[in-house]
2 protein chains.
Amino acid sequence: MARMDVLPVARAYSDIAGLVAAPPRCRNCAVRDSALCSSLDNRELSALSDIGRRRTIPAGQVVSWAGDASSSCANVVNGTLKVTATMADGREQIVGLLFPGDFVGQLFSDETSLTVTALTDTDICSYSRTAFEGLLDDLPRMERMLLKRTMASLNEARDRMLSLGRKNAQERVAGFILDLADRSGREEHDGSIHVHLPISRGGMADYLGLTIETVSRQLTNLKSAGIISFAKGDRECRILDRDQLEDIVNPA
Amino acid sequence: MARMDVLPVARAYSDIAGLVAAPPRCRNCAVRDSALCSSLDNRELSALSDIGRRRTIPAGQVVSWAGDASSSCANVVNGTLKVTATMADGREQIVGLLFPGDFVGQLFSDETSLTVTALTDTDICSYSRTAFEGLLDDLPRMERMLLKRTMASLNEARDRMLSLGRKNAQERVAGFILDLADRSGREEHDGSIHVHLPISRGGMADYLGLTIETVSRQLTNLKSAGIISFAKGDRECRILDRDQLEDIVNPA
DNA sequence: CGGAACGTTGAGCATAATCAACGACTGTGG
DNA sequence: CCACAGTCGTTGATTATGCTCAACGTTCCG
């Protein structure tokens, strides 16, 4: 056997007393414990890593166009993506936002119906769709995790159908801010909650089924009411009165 | 061994040369080849059948309330159900319609967030959620089928997000009729397409994120334009000009 | 410095909601 | 049998919500 200092790279994949180390690319991966990979042991992870490839996508670039062949899927490692449905005349609806740890791709289908675009510089771990599907047969825990996540996405989508179908502009904007707060809000020493808005006003409009102007006006309203605060044109927002925000989202 | 004419009932479950017959309840089931069960061989089907129970739900009755414990799931055998999300003040959005062969239930979750209601007298094959989840571990083909169906539902939900967020009333109503035509329309000898509307005007409103009056007016508009026809207040509808309907749904 | 994004604000308008009335049909009870 | 209430669908008048169009300020970058 080669000594480890002689073949340090090879060692990563070698089997020592039945144990396998994580592949080098995965070892310090930010989403090793939250993405689908978290369902895998090191041996399984190696198999997945073998078909995976790290890619960096610059902000604004489209990862996959609606209508393209569904040839790949990926885990989001870093950054933010939007998933959009569009009409022939250009109307656009953001049907999902993707954050680190999320899975993206249309499996078991030869064509995509949605467009995926990077909102920030984004790192993904990308797989050939067919290779991934093939591996899925041998990784039941990952398949189960994917099933659970898909079900969660479906629930989320249904929540948003209620928003888009039945809520007014103020309720939609307030709900969006609260959702963000629940996902990634940081409570400050003064009790306010700091929220980073991952998308522009135009993005919020496309997400909420509104126009830019309406979103801007509703944010201004909430600010005037002392419920939130933000610097003019800023993507950083502070929730000053969460209770009132919740009253708006869930009226009697 | 007992001769088969001595124990005819037992024979259904007996193993003859390694083969198992389908459980009696399943043998003439209308959805044996389309529901999740279609992924199972007779032996597996027996295991599923053992934990299943046939129920008939009268039209109008709620099968499961949002907020209830998620204690069961089911295959739809016959009839139509609606899945709704509601707000505290009564606003309602239909997030899905269920037809024979569809699966219903929130797995891997202790509480439901959606209400399921029978629109017609409905037969379902109902399972304890935990028992079903347990069985899923041993039925990989069924799990895979469930995964595919959940993904399909997610795609459908995202399509509807585009409708609810970005389409006007006429486009939503026209799109709804076309979707129904694709699902269950019957082409007539004269080239028209016969479509049965599975829900009332109020149901269509709740499905499309509109009001009853707006739905009624849009249907009248389509009738006046000679694109569809229906008797006043009728749930049967004929598409006279499918191309024009498609032009409405997908404008340049 | 000029242009392009982006966000805000105002004025006017269009779409769909609201409020209201009415006809058709169904089932119930007198 | 008929009167009645209840449900469902249609249609009209009015209103309100959010869209469209427009102008303007700021920031960023070539």
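No hydrogens, no waters, no symmetry mates; every other heavy atom, side chains included, goes into these values. Note on naming: letters A, B, ... go to the chains in the order of the sequence lines (proteins, then strands), and numbering restarts at 1 for each one. Keep in mind the model is a prediction, meaning the values are calculated, not measured.
Nearest nucleotide to the side chain of B/Arg217, out of D/dC19, D/dG9, D/dG12: D/dG12. Side-chain proximity of A/Thr211 to the nucleotides D/dT11, D/dC19, D/dG9 is greatest for D/dC19.
Backbone-only contact: A/Asn168 has heavy atoms under 4.0 Å from sugar-phosphate atoms and none from a base. Among the protein residues, B/Leu210 comes within range of the sugar-phosphate backbone only, with heavy atoms under 4.0 Å from sugar or phosphate atoms but none that close to a base. Nucleic acid contact class of A/Gly209 (heavy atoms, under 4.0 Å, all strands): sugar-phosphate only. Looking at heavy-atom distances under 4.0 Å, B/Gly60 makes no contact with the nucleic acid at all.
Separating the CD atom of B/Glu213 from the P atom of D/dT14 is a distance of 16 Å, rounded to the nearest angstrom. For the pair A/Ile212 CD1 and D/dC19 C1', the computed distance is 12 Å after rounding to whole Å. For the pair B/Lys167 NZ and D/dC19 P, the interatomic distance rounds to 17 Å; values are reported in whole Å. Distance, A/Leu164 CG to D/dG18 P: 13 Å, rounded to whole Å. Distance B/Phe230 CZ to D/dC8 P: 17 Å, rounded to the nearest Å. In this structure, CE of B/Met204 is placed 14 Å from C1' of D/dC8, rounded to the nearest angstrom. Atom CG in B/Asp234 sits about 11 Å away from atom C1' in D/dG9, given to the nearest Å.
Other residues, nucleotides and ligands contribute over 12 non-hydrogen atoms within 6.0 Å of the CG atom of B/Asp182. Atom CG of A/Asp89 is surrounded by more than 12 heavy atoms from other residues, nucleotides or ligands within 6.0 Å. By the 6.0 Å contact criterion, CG on A/Asp190 is enclosed, its count of non-hydrogen atoms from other residues, nucleotides or ligands being greater than 12.
Taking 4.0 Å as the cut-off between side-chain N and carboxylate O, B/Arg172 and B/Asp179 do not count as a salt-bridged pair. Here A/Glu246 pairs with A/Arg242 in a salt bridge; the nearest charged N to carboxylate O distance falls below 4.0 Å.
For the atom pair CZ (A/Arg166) and CD (B/Glu92), the distance works out to 8.0 Å, reported to the nearest 0.5 Å.
Contact annotation: B/Ser216 side-chain N/O to D/dT10 OP1/OP2 distance is under 4.0 Å.
Across the interface with DNA chain C, nearest-nucleotide mapping of B/Gln218 and A/Lys223 shows A/Lys223 to be the residue nearer the 5′ end. Across the interface with DNA chain C, nearest-nucleotide mapping of A/Arg166 and A/Thr220 shows A/Thr220 to be the residue nearer the 5′ end.
No donor-acceptor contact under 3.5 angstrom links the side chains of A/Gln170 and A/Asn221, judged on distance only.
In 5' to 3' order, the nucleotides of DNA chain C bounding all contacts with chain A (an atom under 4.0 Å from a heavy atom) are C/dG7 to C/dA11.
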